[in-house]
Amino acid sequence: MTVRTRFAPSPTGYMHIGGMRTALFNWLWARHHNGTFVLRIDDTDQQRNMSEALGPILAAFRWLGLDWDEGPECEGEFGPSFQSQRRSFYDAALQRLLDSGQAYRDFEPAAETQAQREAAERSQQPFVSSRASLQLSQDQIAEQLAAGTPHVVRLLVPRDRHVTITDHVRGEVTWDCGLMPDPVIARNDGSPLYNFATAVDDAAMQISHVIRAEEHLSNTPIQVLIHEALGQTPPQWAHIPYVAAPGGREKISKRKIDKYRKNPQFSRLFEIGDRILGQIGLDATADALSPVMVAWYEKVGFTPAGVLNGLVRTGWSLDDHTELFSLTEMIEQFTLDRVIRSPAGLDPDRLLSFQSHWITQLPEDDRVSGCLPFLHQSGLIEDPSAAEARQLTAAVIALAGDRLQLFGDILSFRELFVSDDDYPADEQAFEKRVLKKPDTVAHLTALLPQLQQAAFEAEALSALLNSFLEQNSLRPGDIFPALRICVTGKAAGPDLFQTLELLGQQRVISRLESALAKARESAGE
RNA sequence: GGCCCCUUCGUCUAGUUAGGCCUAGGACAUCGGAUUUUCAUUCCGGUAACAGGGGUUCAAAUCCCCUAGGGGUCACCA
């Protein structure tokens with residue numbers, strides 16, 4: 001059997017991180033079996049600007065490197081992939097159901113049906129359809145139709161039976177049809193509703209496996225019934241757990257951002273956004289960009305491999321020890337029977353840990369390309385395509401080493417990019433290690449002329465500074481931290497000598513001079 | 001409320017289908033220690049879980065029953 005999976009987003013203007021995980025599982029299952037992955041756009045609800053609504057979704061797929069075999073921009077023999085363009089399929093199926101008596105026109109006013117529903121709820125009973133319209137004769141129906149009485153089409157649920165599916169994740173699940181209302185499958189204008197369009201398309205597109213979030217489990221018996229009524233073989237089902245908010249069991253939602261900011265585990269991601277997004281001209285506090293959306297991860301400088309590894313490990317595991325998966329390895333190893341049953345909270349700490357790993361696996365050139373947009377957008381580099389820009393960035397990245405967890409972290413090395421003193425300085429550390437240490441100031445003052453003569457190369461500087469220590473019977477801690485603060489404004493950071501080399505003689509001397517002047521000024525008061 | 005699903009360290013999970021290899025393993029986080037001029041890394045080590053109660057069995061995280069808790073869904077949305 002050819003495996004064909006699909007992901008069917010409705011164009012909402014953003015890609016949800018939980019939806020992305022569902023898409024990934026579909027994609028992996030298809031690729032694992034050399035099958036086909038279809039992207040179908042569920043836009044039966046007449047939409048606004050399609051490029052605005054669909055663009056970010058396609059962008060998320062492209063960013064992560066998940067390609068689709070059939071879908072927007074690459075329609076295949078089963079297209080079109082937009083449900084809004086598939087009306088003829090639904091019309092034909094609807095007519096068949098009406099003709100065979102498996103669906104009926106319901107002329108009961110919506111308000112009346114709603115009242116019955118509420119009454120059932122009040123009496124704590126399951127609600128089933130009244131089927132009053134089923135009593136109408138052919139003539140009466142024709143009359144209503146001619147009079148233009150608004151109506152819907154409902155599937156006639158066979159109440160005397162059960163629907164059982166064997167779900168790849170949840171095993172056997174059974175529903176009693178006697179407890180189900182007849183679902184509306186088409187509106188008054190004949191336009192299809194979700195469950196109907198989905199069943200028609202899944203069959204027409206020969207989807208073999210429907211892999212979707214658990215919240216769709218309750219839609220499944222309806223879709224099974226529609227498939228059966230249409231004489232189609234239903235696809236195989238796999239209801240994967242939804243992605244929960246960090247540390248919880250609640251479905252992660254775009255509407256709960258304020259709450260998430262206060263979540264101790266989630267807050268770590270928000271802090272990253274706050275630290276980085278403002279510097280590249282994006283509003284970190286806006287709801288339009290948050291860690292619930294895939295775009296957020298790209299904007300703060302995650303690597304696709306990091307996000308992918310984080311996603312695949314939420315709700316799925318291979319065994320008791322494998323944690324790292326490249327996309328290729330995921331394809332090789334992914335199977336539905338290893339999907340977990342209970343909701344999995346997004347785990348920011350592990351996501352960051354995967355990210356740390358995968359960013360170091362990237363070739364230098366890719367890391368440079370990843371960092372440059374941040375430097376450009378924050379104004380630290382004017383022309384990111386210039387060779388010098390790439391060179392400098394590469395040097396800073398090499399120096400930063402594993403301190404660069406996200407591409408956006410490059411912005412925390414501002415002092416290495418600016419020529420003047422336009423960088424944040426740790427005043428507290430400066431006071432503690434320089435202002436309050438007259439001996440240190442004296443030593444650094446003595447060191448200055450030596451630096452003016454020095455060759456600015458890490459090894460030479462190391463030799464020079466260490467012999468300076470020896471000559472003055474000093475320990476490293478007596479002047480190295482102070483020197484670092486004077487030239488970078490920071491109390492901690494990468495190797496001091498390499499930092500000095502990268503900064504270059506001119507910047508080191510001028511920054512040291514002005515720091516010492518500041519110290520003398522403070523001492524003179 | 002009806003229907004359906006879920007419940008192992010703080011978190012993500014292995015182990016449940018075929019009961020014993022589980023005095024419950026790993027990873028992340030955390031805490032200690034070593035290395036390092038600082039920070040980060042790296043390396044060692046520690047704390048930490050079978051929701052509760054009944055059964056069945058020589059033996060239960062694993063099978064059965066009950067209870068509790070959490071969640072999803074109940075649209076002429078998708």
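In the text below, chain A, chain B and the rest are named by the order of the sequence lines, each starting its count at 1.
Residue A/F127 contributes atom CZ, which lies 12 Å from atom C1' of B/G2 at whole-angstrom precision. Here the P atom of nucleotide B/A75 and the CG atom of A/D106 are 14 Å apart, to the nearest Å. Rounded to an integer number of Å, the gap from CZ of A/R484 to P of B/C39 is 10 Å. A/Q116 places its CD atom 23 Å from the P atom of B/G1, with the value rounded to the nearest Å. As a whole-Å value, the separation of A/L318 CG from B/A14 P is 11 Å. Going from atom CG of A/N309 over to atom C1' of B/U13 covers 14 Å, rounded to whole Å. As a whole-Å value, the separation of A/Q125 CD from B/G1 P is 14 Å. Rounded to whole angstrom, the span from the CD1 atom of A/I485 across to the C1' atom of B/U37 amounts to 12 Å.
Nucleic acid contact for A/L496: base, since at least one base atom lies under 4.0 Å from a heavy atom of the residue. Base contact: A/A110 has a heavy atom under 4.0 Å from a base atom. As judged by a 4.0 angstrom heavy-atom cut-off over every strand, A/R403 is placed among the base-contacting residues. A/D347 comes within 4.0 angstrom of a base, heavy atoms only. Counting non-hydrogen atoms under 4.0 angstrom, A/H216 reaches a base of the nucleic acid. Among the atoms of the strands shown, base atoms are found under 4.0 Å from some heavy atom of A/G493. Residue-level contact check: A/E250 touches the backbone only, with heavy atoms under 4.0 Å from sugar-phosphate atoms and none from bases. Heavy atoms of A/N195 sit nowhere under 4.0 angstrom from any nucleic acid atom. In this structure, A/R475 reaches neither bases nor backbone, as no heavy-atom distance under 4.0 Å exists between it and the strands shown. Using a 4.0 Å heavy-atom criterion, one finds that A/R433 contacts no nucleic acid atom at all. At a threshold of 4.0 angstrom between heavy atoms, the contacts of A/G315 are confined to the sugar-phosphate backbone, with no base atom among them. Counting non-hydrogen atoms under 4.0 angstrom, A/D402 reaches a base of the nucleic acid. Heavy atoms of A/V152 sit under 4.0 angstrom from at least one base atom. Residue-level contact check: A/K251 touches the backbone only, with heavy atoms under 4.0 Å from sugar-phosphate atoms and none from bases.
Remark: A/R154 engages A/D106 in a salt bridge, criterion side-chain N to carboxylate O under 4.0 Å. In summary, A/K259 and A/E250 engage in a salt bridge, as defined by a charged side-chain N under 4.0 Å from a carboxylate O.
The P atoms of B/A78 and B/A14 are separated by 35 Å, rounded to the nearest whole Å. When the C1' atom is used for both B/G70 and B/U8, the distance is 16 Å, rounded to whole Å. For the C1' atoms, the distance linking B/C39 with B/U16 amounts to 45 Å, nearest Å. Between B/C9 and B/A61, the two P atoms lie 15 Å apart (nearest whole Å). Atom name C1', nucleotides B/A48 and B/C31: the rounded distance is 11 Å, in whole Å. Comparing B/C66 with B/U56, their C1' atoms are spaced 15 Å from each other, to the whole Å. Atom name P, nucleotides B/U13 and B/U7: the rounded distance is 11 Å, in whole Å.
In a base pair of the Watson-Crick type (N1 to N3 plus N6-O4 or O6-N4) or a G-U wobble (N1-O2 and O6-N3), with each distance short of 3.5 Å, B/C43 is matched with B/G33. For B/G69, the paired nucleotide is B/C6, the pair qualifying as Watson-Crick or G-U wobble because both relevant distances are below 3.5 Å. Pair assignment for B/C22 gives none, since no Watson-Crick or G-U wobble pairing has each distance under 3.5 Å. Base pairing analysis places B/U16 opposite nothing; no Watson-Crick or G-U wobble pair with both distances below 3.5 Å involves it. For B/U56, there is no paired base (Watson-Crick or G-U wobble, both distances below 3.5 Å).
Regarding contacts with the backbone of B/U13, every side-chain N or O of A/R350 stays at 4.0 angstrom or more from both OP1 and OP2. Contact annotation: A/T113 does not reach the phosphate of B/C76 (side-chain N/O to OP1 or OP2, under 4.0 Å). At the phosphate of B/C76, neither OP1 nor OP2 sits under 4.0 Å from any side-chain N or O atom of A/R105. Checking the phosphate oxygens (OP1, OP2) of B/A75, a side-chain nitrogen or oxygen of A/R117 falls inside 4.0 Å. The phosphate of B/A14 (OP1 or OP2) has a side-chain N or O of A/S317 nearer than 4.0 angstrom.
Side-chain atoms of A/Q124 lie closest to B/G1 of the nucleotides B/C4, B/G1, B/U37. Taking every side-chain heavy atom of A/R170 into account, B/C6 is the closest of B/A14, B/C6, B/C12. Comparing B/A78, B/U37, B/U13 by their nearest atom to the side chain of A/D495 picks out B/U37. Out of B/C5, B/G2, B/G15, the shortest distance to the side chain of A/P126 is found at B/G2. Considering only side-chain atoms of A/H321, the nucleotide from B/C12, B/C4, B/G26 that sits closest is B/G26.
With a 6.0 Å radius and a threshold of 12 heavy atoms from other residues, nucleotides or ligands, A/E364 has its CD atom at or below the threshold.
Checked by distance alone, A/R341 brings no side-chain donor or acceptor within 3.5 Å of a matching partner on the base of B/C6. The base of B/G10 lies outside donor-acceptor range of the side chain of A/Q265, with no N or O pair under 3.5 Å.
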Report task. List the steps and the verdict of salt bridge (Lys or Arg N to Asp or Glu O under 4.0 Å) for A/R350 and A/E323. Result -> CA-CA 10 Å; A/R350 312 187 84 224; A/E323 300 289 347; 2.6 Å; yes
Report task. Dump the intermediate steps for salt bridge (Lys or Arg N to Asp or Glu O under 4.0 Å) on A/D409 and A/R403, then the final yes or no. Result -> CA-CA 8 Å; A/D409 287 336; A/R403 291 167 193 79; over 6 Å; no
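If you check the side chains of A/Q144 and A/H151, you find no donor sitting under 3.5 Å from an acceptor.
Where A/H151 and A/P481 meet RNA chain B, the nucleotide closest to each residue was compared, and A/P481 sits on the side nearer the 5' end.
Under the 3.5 Å distance criterion, the side-chain polar atoms of A/H239 are left unmatched by any main-chain donor or acceptor of A/T220.
Between A/P241 and A/E214, the shortest heavy-atom distance links the atoms CA-OE1, 3.6 Å.
Using cut-offs of 30° and 60° for the angle between ring planes, the A/F374 and A/F407 rings count as tilted.
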